[in-house]
Number of protein chains: 2
Amino acid sequence: MGLSERKLKILQAIISDFINSAEPIGSRTLSKKLEMGISSATIRNEMSDLEEMGYLTHPHTSAGRVPSDKAYRLYVNSLMEKYVLPENEKQKISQKLLSKFDELDKVIANAAGILSELTNLTSFAITPRINENSLKYVNLLPVDDRTVILMLVTEAGKISNTTLNLKAPYAKDKLEFLSKVMTMNYKGKSLSNILTLDIIKNFETDIEAMGKLAENIMPNFLHTLENMLNVELYMDGLTNIFSIPEYSDIGRAKLFLEMINKKKEFTDILINRDSGVIITIGNENTDEVMRDCSLITATYCVDGKCVGKLGVIGPTRMNYGEVTSIIEYMTDNLSQSFRLTEGEKDEQ
Amino acid sequence: MGLSERKLKILQAIISDFINSAEPIGSRTLSKKLEMGISSATIRNEMSDLEEMGYLTHPHTSAGRVPSDKAYRLYVNSLMEKYVLPENEKQKISQKLLSKFDELDKVIANAAGILSELTNLTSFAITPRINENSLKYVNLLPVDDRTVILMLVTEAGKISNTTLNLKAPYAKDKLEFLSKVMTMNYKGKSLSNILTLDIIKNFETDIEAMGKLAENIMPNFLHTLENMLNVELYMDGLTNIFSIPEYSDIGRAKLFLEMINKKKEFTDILINRDSGVIITIGNENTDEVMRDCSLITATYCVDGKCVGKLGVIGPTRMNYGEVTSIIEYMTDNLSQSFRLTEGEKDEQ
DNA sequence: GTTAGCACTCAACAACATAGAGTGCTAACA
DNA sequence: TGTTAGCACTCTATGTTGTTGAGTGCTAAC
């Protein structure tokens, strides 16, 4: 049994209705709404077929039909009409997205905020992994007798610094010398490479070569490198789930928030998703806890590398068309603005 | 009518019982539990008096009694027995608190995590305001033709930096010159003072004196200063509220989480609290939305100035004794560790 | 002042009835 | 052969009623 034109139309109607109302829909209501001149009985027959084929389910005998994950997948792939963001919406988003901040992390956190506001869902964003970034220079700046600022700068301009409190006073010229030696040793190497074993092994000889001061500074150097590789997760709109009927049950709301709050695990799930706009619906999610949610992510690029992610998580019943458009527009916008810097550089 | 010894004893018993069980307690149950050889009828009379005096309430006629905010206040002030943290607990806390991180922000975020774990409540921590900190130096570091790192260092060693993408290329010597001029102009002045009007007014003449490059950099300088003054709020244990019977109602849980999630407002509430261990119970909170919560905060000091805060928020029915001890121990511990750096400096 | 005794109150729970939204099947129709 | 009206049936949601038990408040006796 194939999916006739009519079956598709009925299925689409059921899905759009359910996305809006969250209520199972019955044959009579649908018959009236469709205005196709077919009676509720006919629709009942079709619905029965669709259920047999796995597109619909039944909370209980005397309830209307509810779309299954399979139905949402079909809907997303071919049934739903592409939502086009109105031009003034686009402008509003662009403005909010880019006006306020310079710092990457702040821009990304802000983006998550905007996204949750627009979709009324829980949104998240992760900053790009900078694995491949190579170190540009190491700078040790004197503050006072025992305080030193360790500053690392990558080729892409990402900076990280830490204030170190040394156990013994140091000489300024030694500090300068150490900066130079460290820069010479590690310049051009990618952060993750520096952290791999073979380079770390060399540290002992490095330390010996560079003297007592290095002994104090090296562990901090490694630690700072590790921090730079950390992906930052930002979330917003957590309380939006309370407005969603699916989560009016306290148990489900709890599970949802607990899942979201395991930041480490959640970040890993996000990192491992493919690039581009990816929609995973309900049981398509490999992670047990997410089986009754849908996840939409898209990738934004920094300096041409598409490694940051922006997305939303919510009930499988969500407005895929609109949400996807918004996310896609936002990531495009972000990528473009992060490329601008690059562009400016090239103009030189 | 005063509070006789016996009334106090009964009140104390009701409160401790309710803190544990969250269930209204009746006269018969209490009579058995107290083992004072007084009958339920007598206790009923006493309870009736206590209710008249405002220490107890009644969810409905046939329910047991529940302590009022006034009762909790009395309990906290004089009735409750001081909880002494066992030595091994203390050690565990100290270890977790200090082992992992160097950076102040990370230590504070981590502290909030530990606190929520220990108390099973929602915890929070704010980083210190550094209003009074004075600027030590301004450093402009060249990265490439149009990229500059703006780095600000305060006397207390707090560093902040921003990567600037300039609109035009610059000359290295001008950058160096500008660093020196800016350091000269603003060194020793407190961050908040630099941001006040009279100094900002001078900027225009400053910019004129320092040339085109300054025009580009000054707004970023101000912006970075503002950022340094921002207090960071960390929270943890949000989902703990779901285990608390008071919040098994989805409406209340929602209100609670929404309140907590208004970070700006919540931070303001925290900042404005007095120093030391402060307990505000239910309607003692000036903010409407917090009237059915209790808030416990304590202050930790950095470099001798007590301006950071650590605390929990939860239902008025919370274990004030234990929670207070834990928070107090943690802030003491933090203050001490943040003083160590200071101590080391003094040893010089 | 304390206590036994008793009438009274009220939430919580269970048992039952009812309404209504919806289904599935059948038989008739085009 | 597909479509439809009609009808019995199902099941949730909602309301009603009764019962239980924990608890109170009052009174009278100790």
Side-chain angles (χ1 to χ4, degrees), chain A residues 1-11 13-15 17-18 20-68 245-246 248-249, chain B residues 1-11 13-15 17-18 20-68 71 245-246 248-250:
Chain A
M1 178 166 38
L3 278 166
S4 66
E5 191 71 21
R6 192 170 70 181
K7 278 199 175 59
L8 285 175
K9 209 156 185 177
I10 289 172
L11 186 55
I14 293 173
I15 297 174
D17 188 277
F18 189 71
N20 289 320
S21 71
E23 297 290 336
I25 183 165
S27 53
R28 223 176 94 79
T29 328
L30 191 60
S31 148
K32 274 187 271 176
K33 195 168 277 178
L34 269 176
E35 295 181 337
M36 285 170 68
I38 43 176
S39 76
S40 63
T42 310
I43 290 184
R44 268 202 297 285
N45 289 333
E46 296 285 45
M47 279 172 149
S48 177
D49 290 350
L50 285 166
E51 181 158 1
E52 209 178 309
M53 296 160 83
Y55 291 106
L56 295 177
T57 48
H58 231 166
H60 53 84
T61 8
S62 68
R65 298 312 210 287
V66 165
S68 68
E246 276 86 340
S248 62
D249 172 64
Chain B
M1 179 165 40
L3 279 167
S4 67
E5 192 70 22
R6 193 169 69 181
K7 278 198 176 60
L8 286 175
K9 210 156 185 178
I10 289 172
L11 186 55
I14 294 173
I15 298 174
D17 188 278
F18 189 71
N20 289 320
S21 70
E23 296 289 337
I25 183 163
S27 54
R28 224 176 92 82
T29 327
L30 191 61
S31 149
K32 274 186 270 178
K33 195 168 275 178
L34 270 175
E35 293 180 339
M36 284 170 71
I38 44 178
S39 76
S40 64
T42 312
I43 290 183
R44 268 203 296 286
N45 289 331
E46 295 285 45
M47 278 174 151
S48 176
D49 290 350
L50 285 167
E51 181 158 1
E52 208 179 309
M53 295 161 83
Y55 291 106
L56 296 177
T57 50
H58 231 164
H60 55 83
T61 9
S62 70
R65 297 311 210 289
V66 165
S68 67
E246 274 87 341
S248 61
D249 171 63
I250 195 105

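Bear in mind that the values here come from a model prediction, so they are computed numbers and not experimental data. A, B, ... follow the sequence lines: proteins, then strands. Residue 1 opens every chain.
- For A:T61, there are no side chain to side chain contact (heavy atoms under 4.5 Å, CB included) partners two or more places apart in sequence or in a different chain.
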Item to check | A:R6 vs A:T42, side chain to side chain contact (heavy atoms under 4.5 Å, CB included): CA-CA, chis, key distance, verdict | outcome: CA-CA 11 Å; A:R6 192 170 70 181; A:T42 310; 3.6 Å; yes
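- Regarding B:D49, its CG atom lies at a distance of 11 Å from the P atom of D:dG25, rounded to whole Å.
- DNA chain D is contacted by no residue of residues 35-42 of chain B, taking any non-hydrogen atom closer than 4.0 Å.
- Atom CG in B:N45 sits about 14 Å away from atom C1' in D:dG23, given to the nearest Å.
- Evaluation of the salt bridge (Lys or Arg N to Asp or Glu O under 4.0 Å) test over residues 20-45 of chain A, restricted to residues two or more places apart or in two chains, returns A:D17-A:K33.
- Looking only at side-chain heavy atoms (C-beta outward), A:Y55 and A:L3 come within less than 4.5 Å of each other.
- Taking atom CG on B:L50 and atom C1' on D:dT24, their separation rounds to 15 Å, with Å as the unit.
- For the pair A:E5 CD and D:dG2 P, the interatomic distance rounds to 18 Å; values are reported in whole Å.
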Kindly give the atom pairs (protein nitrogen or oxygen, nucleotide nitrogen or oxygen) under 3.5 Å for nucleotides 18-22 of chain C.
unit_1 : atom_1 : unit_2 : atom_2 : d
C:dG22 : O4'    : A:S62  : O      : 3.2
C:dG22 : O3'    : A:A63  : O      : 3.4

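- In plain terms, the two heavy atoms of A:M47 and A:G26 that are nearest each other are CE-C, 4.1 Å.
- Between A:E46 and A:S4, the closest heavy-atom pair is OE2-OG, 4.4 Å.
- You'll find the side chain of B:K7 stays beyond 4.5 Å of the side chain of B:I10, heavy atoms only.
- Atom-to-atom, CD of B:E23 to P of D:dG21 comes out at 18 Å; the value is rounded to the nearest Å.
- When the options B:V66, B:I43, B:L56, B:L30 are evaluated for a side chain to side chain contact (heavy atoms under 4.5 Å, CB included) with B:I25, the one that passes is B:L30.
- In this structure, of C:dT23, D:dT12, C:dT2, it is D:dT12 that holds the atom nearest to the side chain of A:H60.
- For the pair B:P59 and B:G64, the tightest heavy-atom approach, listed with the atom from each and the gap, is CD-O, 3.4 Å.
- What separates CZ of A:R6 from P of D:dT1 is a distance of 16 Å, to the nearest Å.
- Judged by distance alone, the side chain of B:S40 and the main-chain N or O of B:T29 form no donor-acceptor pair under 3.5 Å.
- Summarising the geometry of B:I15 relative to B:P67, their closest heavy-atom pair is CG1-CB, 3.8 Å, with the distance given to 0.1 Å.
- A donor-acceptor distance shorter than 3.5 angstrom exists from the side chain of A:S68 to the backbone of A:G54, with no hydrogens or angles considered.
- The backbone N or O of A:I38 sits less than 3.5 Å from a side-chain atom of A:S31, completing a donor-acceptor pair.
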Which pairs, protein N/O on one side and nucleotides 14-16 of chain D N/O on the other, fall under 3.5 Å?
none

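- In DNA chain D, consecutive stretches of 3 or more Watson-Crick or G-U wobble pairs with both distances under 3.5 Å are given as paired ranges: C:1-30 with D:1-30.
- One can place NZ of B:K32 at 16 Å from P of C:dT3, the figure rounded to the nearest angstrom.
- At whole-Å resolution of the value, CD in A:E46 and C1' in D:dT1 are 14 Å apart.
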